[in-house]
Amino acid sequence: MESEQLTPAQRAVLAELGATPDERPRFDPALGDRLRAHVEADLAAVAHEVDPQDPVVVTKHALAMVHGCEARYLAEQADPFAWTVPMARGVVAHKAIELSVHLEGEPEPLDLVDESLARLAEDDWSLGQWLRTLAEVDLAELRSIANDRVSAFLECFPPLKSRWRPVTESRVRSELLDGRVVLTGKVDLTLGRAEGSTAGKVLLDLKTGRTHPQHREDLRFYALLETIRIGTPPRRVASYYLDRARFEAEDVNEDLLFAAAERLLDGASRMIELGEQPGGAVKRTGPACRWCPLLERCEEGRRHLDDADEASGIDTDLY
């Protein structure tokens, strides 16, 4: 598409994500090895008894939980995973966006969603099994929410050209200490590629709703994984809020990566310690208490929410 055919939101995406060759930073070729060595050296003392057949798996969500309320982290670890409409909507939307990149013409967002649902339902894994048994009303809700996200993406982003190397749901994984600690993540959308030690890739998470400091920490974790994996960091990381057509972005540098490594070390070390001594979990109250599985029997969480509701003027008798 010519520039005049793009909406202002689409032009803003190009301006935010594009870079000329001289704007792409070059990094130390040994940076990835240095980060890995730093992380492994500090984790070795606490992970020496971890069984590689049952490794400690570190994800962005696990890190967020253990840096928040440790009691909630343990509760979520103990609960078996179950798909819900809110959990599935991102997977369906990202699959539809992936199809939009590779299909000829300009398919309608809802057609992309329906094709994604059909393809995902064919897979013999947990999501496919869940989709095949989903009630009609729940399927309609999932279809509606995913359609809203895909429509917003296609309105806000310029058509993704194949030479930009777009990848949706890009999986990143690194194994440390002979497999005793596994770092894993899945980036919503990646664009570009590294050229030698020159950064060129951009990592994006697609969001809706309010900005949160955790979103930035998640992307820094992904940048760290990418650097450990291939040796060259991404050039930029960004959260894109589809409902507002706005970016929260930052350029990647060594300071950012080593700060992410320190946060990883603190979180992974605590995960290992809690696995050995769960009775030492620390409770930390916050807005997330409202969705905590422990809320009914957590006096601190209930008190925190009551105080917060009283301060905001919410009449809890209405709920």
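FYI, side chains are in, hydrogens and waters are out, and symmetry mates aren't considered; it's all heavy atoms of this structure. Everything numeric here is computed off the predicted structure, so don't read it as measured data.
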Check Leu160, Val167, Leu203 against Leu191 for a side chain to side chain contact (heavy atoms under 4.5 Å, CB included) and give me the one that passes.
->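 Single side chain to side chain contact (heavy atoms under 4.5 Å, CB included) partner of Leu191 among Leu160, Val167, Leu203: Leu160.
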Met271 and its side chain to side chain contact (heavy atoms under 4.5 Å, CB included) partner, picked from Val181, Val56, Leu74, Asp266 =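 Option passing the side chain to side chain contact (heavy atoms under 4.5 Å, CB included) with Met271: Val56.
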What I want to find out is whether [X] reaches [Y] closely enough, with some N-O distance under 4.0 Å, to be called a salt bridge.
X      : Y      : value
Arg24  : Asp251 : no
Lys207 : Glu248 : no
Arg119 : Glu98  : no

Pairing residues for Asp33 by the salt bridge (charged side-chain N to carboxylate O under 4.0 Å, His left out) criterion, not counting sequence neighbours |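 Partners of Asp33 under the salt bridge (charged side-chain N to carboxylate O under 4.0 Å, His left out) test: none.
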Sequence-distant partners of Glu70, salt bridge (charged side-chain N to carboxylate O under 4.0 Å, His left out), two or more places apart |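 Glu70 satisfies salt bridge (charged side-chain N to carboxylate O under 4.0 Å, His left out) with Arg270, Arg284 only.
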Could you give all pairs that pass the ring-ring contact (aromatic ring centres under 6.0 Å, His included) test and reach residues 141-184, with sequence neighbours left out?
->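 Those involving residues 141-184 are Phe153-Phe157, Phe157-Tyr240.
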Might you point out which heavy atoms bring [X] and [Y] nearest each other, and give the distance in Å?
X      : Y      : answer
Ala146 : Val92  : CB-CG1, 3.8 Å
Lys60  : Phe221 : N-CE2, 3.6 Å
Val50  : Asp54  : CG1-O, 3.9 Å
Ala261 : Val39  : CB-CG2, 4.0 Å
Leu6   : Pro159 : CD2-CD, 4.2 Å
Ala88  : Trp130 : CB-CZ3, 3.5 Å

So Arg143 and Leu110, side-chain contact (heavy atoms from CB on, under 4.5 Å) or not? Walk me through it.
-> CA-CA 8 Å; Arg143 188 170 178 258; Leu110 195 54; 3.3 Å; yes
Can you pull the side-chain hydrogen bond (donor to acceptor under 3.5 Å, both in side chains) pairs that have at least one residue in [range], sequence neighbours excluded?
range            : result
residues 40-50   : none
residues 173-189 : Glu169-Lys186, Arg173-Glu175
residues 80-92   : Trp83-Ser126

Show the numbers, then the answer: is there a side-chain contact (heavy atoms from CB on, under 4.5 Å) between Leu204 and Val187?
-> CA-CA 7 Å; Leu204 296 112; Val187 187; 5.8 Å; no
Within the distance-only criterion (no hydrogens, no angle test), does the side chain of Arg235 pair as donor or acceptor with the backbone N or O of Leu17 below 3.5 angstrom?
->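 Flag set: sc Arg235 to bb Leu17 pair under 3.5 Å.
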Would you check if the side chain of Gln277 reaches a backbone N or O of Leu274 as a donor-acceptor pair within less than 3.5 Å?
->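 Such a contact is absent between Gln277 side chain and Leu274 backbone.
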Tell me, with the steps shown, if Leu206 and Ile97 meet side-chain contact (heavy atoms from CB on, under 4.5 Å).
-> CA-CA 11 Å; Leu206 304 176; Ile97 291 169; 3.8 Å; yes
Can you spot which of Arg236, Arg220, Lys201 makes a salt bridge (Lys or Arg N to Asp or Glu O under 4.0 Å) with Glu226?
->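 Result: among Arg236, Arg220, Lys201, Lys201 is the only option passing the salt bridge (Lys or Arg N to Asp or Glu O under 4.0 Å) with Glu226.
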What's the verdict on side-chain contact (heavy atoms from CB on, under 4.5 Å) for Ser269 and Leu43, showing C-alpha distance, side-chain angles and the deciding distance?
-> CA-CA 7 Å; Ser269 297; Leu43 282 181; 3.6 Å; yes
Regarding Gln214 and His61, is there a side-chain donor-to-acceptor distance under 3.5 Å anywhere?
->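 Not at all, the side chains of Gln214 and His61 share no donor-acceptor pair under 3.5 Å.
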4.5 Å side-chain heavy-atom contact, [X] and [Y]:
X      : Y      : value
Leu142 : Leu134 : yes
Cys69  : Thr285 : no
Asp205 : Leu189 : no

Atom CG in Leu257, atom CG in Leu264: separation rounded to 0.5 Å?
->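 Here the interatomic distance stands at 12.0 Å.
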Yes or no on side-chain hydrogen bond (donor to acceptor under 3.5 Å, both in side chains) for His38 and Glu262, after CA distance, side-chain angles and deciding distance?
-> CA-CA 9 Å; His38 173 61; Glu262 292 304 318; 2.6 Å; yes
